Structures are given as structure tokens and as C-alpha cells.
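Before any comments, here is the structure.
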Amino acid sequence: LQYAAKDARDIHALLQKAGVSTGRFESVHARLLTDRQADKPGIERALGELTQQVRPWDSVVLFVASHGVMDGQRYHLVTAGFDGELKPETLIDSRELIEWSKRIPALHQLMILDTCHAGGVDWIVKGLYDARLSVLARQMGLHIFASASDRQLALDGFEGNGLFTHTLLGVAAQGQVSGVNEWGLAARSDTSRIAARLKHAQTPLIISFGRDFPLLKP
């Protein structure tokens, strides 16, 4: 992908800046993995560190720009080293993503997936969040931004970023939204509008459990 690493760097910079400028966070710790660093072991190591470092009152954002594939009804995130074959060594499936989410203690979590078919995460999220976990989610706030439906391709190139990342950055730059949910909904609207203009079908999916939480300025 032409813009995946740049997408990650730009979102990384945005979140660092937002964390400082809002004054809502005592500190911001950001870990950036690009290219060969973003293989499955590297990602799992970083997530494992999060489970040890994060506390319940923290906010955690996981951003991914990569390929995404569907195998039947299951969505898979493609990691570095993928050779075209659906092998667990180079794929992180939606069930694994949600299991990592459950292991991270933070009560505020946002997962952003800028990949093709990212909406395929929806069915596994709803399936795994049983009654007990739904109560927890209402108390905490779990939000997932999927850049396209399970049947759609996410546009990689638009004005120097992936299309969905472009709209996330654009909404944040306008300085008119604060909460996570309103950020996602505004970016979804802009993505759909631009995609239609380009005659490309792409409608992001915004999944929210529980409480919204402030992330951006104002």
C-alpha cells in the first residue's frame, strides 16, 4: 500500500498533539509500528506491553492501516510478511482483536481499522460481547471505526492518505468535534460523500458500545 505507513505516522502525530493540547491527559504514550516492524509478533508484543502498562482510567487508541481480507464471514487484518496465503502467522483475525481489547484494562478504547473489508469485524464483535461484557462495555466505552463495509474496498490514495484516514485528519483539523463517536460519524459522512464523487463505494462502519469519551480539541 502506498500510504499505509504515512497514515500511521499522521494519526500518530495527531493523537500526540491532541493529547497535549486538550489538557485532558497527564501524559501521552504513543508506539508507532510501520513496514517490517508491523509483523504479527511485533504487533502482539506491543499489545502485550499495553496490557501491562495501561490502567483502567487510561484511554487507548489502536490505529491500523493495512490490507484486510475476508475468509468466509471472518475478517482478517493483514500484517507484514503476508505472502498471499491465509496463514495465522501473518494474519490477525477479528476474534483475536477483540480478545486483545478485553485484555487491555483501559475503560476507554478506540480501535480504528483503515483496511478493505474492515466492516467484517462487526459480526464477531456482536457475537463476543455477551450480556456480561455488554454491561462492562456500557460502563467503559468501546468504539470501533471500520473504514469500509465487509464487502467494500477502502480507497488507499486520496490527497496523500487513505481516504478514511484523510477524513479523520480533516475532521480533527476543523476543531469542531471532541468526542470519539462524533469524530467517527463526521468522518463517515465525509468519506461517503467523497467516495460517491469519485464513483467509489465506501461507507465506513462506526460501532459504539457504552460511553463516548473526549479525545480531541475543543
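Everything quoted here is computed from the prediction, not taken from an experiment.
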Item to check | salt bridge (Lys or Arg N to Asp or Glu O under 4.0 Å) pairs, two or more places apart, involving residues 141-162 | outcome: none

Next on the checklist: I'd like to check the salt bridge (Lys or Arg N to Asp or Glu O under 4.0 Å) partners of E96; sequence neighbours left out, ordered by chain and number.
Outcome noted: K40

Checklist entry - Short question: side chain of D7, backbone of G162 - any donor-acceptor pair under 3.5 Å? => result yes

Next on the checklist: Going by salt bridge (Lys or Arg N to Asp or Glu O under 4.0 Å), name the pairs with one or both residues in residues 42-55, residues two or more places apart or in two chains.
Outcome noted: R31-E49

Item to check | Steps toward side-chain contact (heavy atoms from CB on, under 4.5 Å) verdict (Y3, T165) | outcome: CA-CA 10 Å; Y3 293 105; T165 297; over 6 Å; no

With a 3.5 Å cut-off and sequence neighbours excluded, list the donor-acceptor pairs that the side chains of residues 193-201 form with protein atoms.
unit_1 : atom_1 : unit_2 : atom_2 : d
R193   : NH2    : D190   : OD1    : 3.4
H200   : NE2    : L153   : O      : 2.9

Checklist entry - Who are the ring pair (Phe, Tyr, Trp, His ring centres under 6.0 Å) partners of H76, not counting sequence neighbours? => result none

Next on the checklist: Within the 3.5 Å criterion, strictly below it, is a donor on T79 or D39 matched to an acceptor on the partner's side chain?
Outcome noted: no

Next on the checklist: For the CG atom of L77 and the CD1 atom of I92, what is their distance to the nearest 0.5 Å?
Outcome noted: 5.5 Å

Checklist entry - Heavy-atom count around H67 NE2 within 6.0 Å, excluding the residue itself: above 12? => result no

Item to check | By ring pair (Phe, Tyr, Trp, His ring centres under 6.0 Å) - contacts of H117 (at least two apart) | outcome: none

Checklist entry - With a 6.0 Å cut-off on ring centres, are H143 and F213 close enough? => result yes

Checklist entry - From W57 CH2 over to L107 CG, what is the distance, rounded to the nearest 0.5 angstrom? => result 10.0 Å

Item to check | Residue pair W183 / F145, side-chain heavy-atom distance below 4.5 Å | outcome: yes

